[in-house]
Number of protein chains: 2
Amino acid sequence: MGAEEARIAEAVAWRPGNAIKRAEQALIAEKSRVLRPFGLTVPQYAAMYALSLAPGISGAKLARFCSVTPQSMTTVLKTLESRGLVERRPSSDHAQVLVTRLTRAGQALLRKADAAAVAVERRLVEEFTPDEADRLRDLLERAVVVLQDTPAGE
Amino acid sequence: MGAEEARIAEAVAWRPGNAIKRAEQALIAEKSRVLRPFGLTVPQYAAMYALSLAPGISGAKLARFCSVTPQSMTTVLKTLESRGLVERRPSSDHAQVLVTRLTRAGQALLRKADAAAVAVERRLVEEFTPDEADRLRDLLERAVVVLQDTPAGE
DNA sequence: CGATAACCATAAGAACTCTGATGGACATCA
DNA sequence: TGATGTCCATCAGAGTTCTTATGGTTATCG
């Protein structure tokens, strides 16, 4: 059956989307692995990291920054809040805004988890020359643009 | 607040993982969009496409081919089965294997959905010269390798 | 001042994903 | 023959994600 699997794999190799998908999967698998000792998932880490850069940001802004919907961010924040890693209070300025911040425990955990996450990125950076890294970013950015451009049919 | 968001975006720009993530998100967003008229999600389409290449494959093999866990594939197949797009029967050779195939309705739907999905890949291919496409595949493949290699610490 | 638009939070429902654990079937080899 | 190892399917539980829809607040503009 190995031969059949090779035949199948060949049939989809030409699709560039597959290369992107495999890379992303490897990336989140590795990040998940290094974050697991801290009890954090990748989305949880991403939210905490963003909160460390912009304390008190609204959930909606946080969602935009992490490229997820506000609903997704709400569930992530609820989990983090239940563990005492973040706290949410109504804003004094805007009654409908929930101000979200890392707790001291959250800050402490993030410091350790961030070191592990950054190490993964560093392994990626060190695999490439600066030129190659720029090239990769450029190619991926062009892929994003062509994908986001509404196609001719609409 | 736009200035703060720009400052934050800058703080993560160096991470190559972000470029990969954005590309993958754009890819699945676009594929979801073109598949929606057919009532298919990206994982459902991927499973049906794989089934068209290897009719009667086991769920476990299908999962490996689609790079998901057998558990995930089971949920996808259950959904497809409930819609009459695939059928699963115990194998005559191996009692514990469920042979999965596309139904006629599944084949008909896949033909139409595949045209839409391939069109997305084609837009991607046409954005790049053959050299660039090869370069992108190569860079991403190297990223996968470095991520999958167990790091020095272990 | 009032209407419209923009923004925020959240509920409901469906789908996908994983880890961990269980149990059955097959194959190989001692 | 029997033990070991491998493969398959599935349950249970937790987490993330989306779409769709609701309702409240703020800001802008006529």
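Just so you know, these numbers use all the heavy atoms, side chains as well, and skip hydrogens, waters and symmetry mates. Reminder, nothing fancy here: chain letters follow the sequence lines and each chain counts from 1.
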>> Please encode protein proximity along nucleotides 17-24 of chain D as a string of B, S and -, counting only heavy-atom distances under 4.0 Å.
In response: BBBBB---

> Could you go step by step and tell me if Glu132(A) and Leu139(B) meet the side-chain contact (heavy atoms from CB on, under 4.5 Å) rule?
Replying inline: CA-CA 8 Å; Glu132(A) 286 174 334; Leu139(B) 290 169; 4.1 Å; yes

> Side-chain contact, heavy-atom cut-off 4.5 Å: Ile28(A) with Glu24(A)?
Replying inline: yes

> Is any side-chain heavy atom of Leu51(A) less than 4.5 Å from a side-chain heavy atom of Ile57(A)?
Replying inline: yes

> Rounding to a whole Å, what distance do you find between Arg64(B):CZ and dT6(D):P?
Replying inline: 14 Å

>> Heavy atoms within less than 4.0 Å of DNA chain D: which residues of residues 83-90 of chain A have one? Give them sorted by number.
In response: Arg83(A)

> How many Å lie between CD on Glu24(B) and P on dT17(C), as a whole number?
Replying inline: 11 Å

>> Let me confirm one number: the NZ-CZ distance from Lys21(B) to Arg15(B), rounded to the nearest 0.5 Å.
In response: 11.0 Å

> Is Ser32(B) touching bases, backbone alone, or none of the nucleic acid, heavy atoms closer than 4.0 Å?
Replying inline: nothing

>> Nearest whole Å is fine: how far is dC7(D) P from Phe65(B) CZ?
In response: 19 Å

>> Rounding to an integer number of Å, can you tell me how far Gln44(B) CD sits from dA14(C) C1'?
In response: 10 Å

> Within the structure, does a side-chain N or O atom of Lys78(A) lie under 4.0 Å from either OP1 or OP2 of dA9(C)?
Replying inline: no

>> Would you say Leu35(A) ends up clustered with Leu53(A) if hydrophobic residues are merged whenever their side chains have heavy atoms under 4.5 Å apart, either directly or through other cluster members?
In response: yes

> Should Thr41(B) be listed as having a side-chain N or O under 4.0 Å from OP1 or OP2 of dC16(C)?
Replying inline: yes

> Is there side-chain contact between Lys78(A) and Arg88(A), with heavy atoms separated by less than 4.5 Å?
Replying inline: no

> Hey, are the side chains of Val76(B) and Leu62(B) touching, using non-hydrogen atoms and a 4.5 Å cut-off?
Replying inline: no

> Under the salt bridge (charged side-chain N to carboxylate O under 4.0 Å, His left out) criterion, do Glu30(B) and Arg33(B) qualify, and how do the steps go?
Replying inline: CA-CA 5 Å; Glu30(B) 182 60 10; Arg33(B) 193 180 70 81; 3.0 Å; yes

> Taking the side chain of Thr79(B) as its heavy atoms from C-beta onward, which of dC16(C), dA9(C), dT10(D) lies nearest to it?
Replying inline: dC16(C)

>> From the set dC8(D), dA27(C), dC16(C), return the single nucleotide nearest to any side-chain atom of His94(B).
In response: dA27(C)

> Could you state the CG-P distance from Leu80(A) to dG15(D), rounded to the nearest angstrom?
Replying inline: 10 Å

> What integer distance in Å separates Leu40(B):CG from dA15(C):C1'?
Replying inline: 13 Å

>> A side-chain contact here means heavy atoms from C-beta on lying under 4.5 Å apart; do Leu80(A) and Leu102(A) qualify?
In response: no

>> Distance check needed: dC7(C) P versus Asp93(A) CG, whole Å only.
In response: 18 Å

> Roughly, in whole Å, what's the span from CG in Leu35(B) to P in dA15(C)?
Replying inline: 15 Å

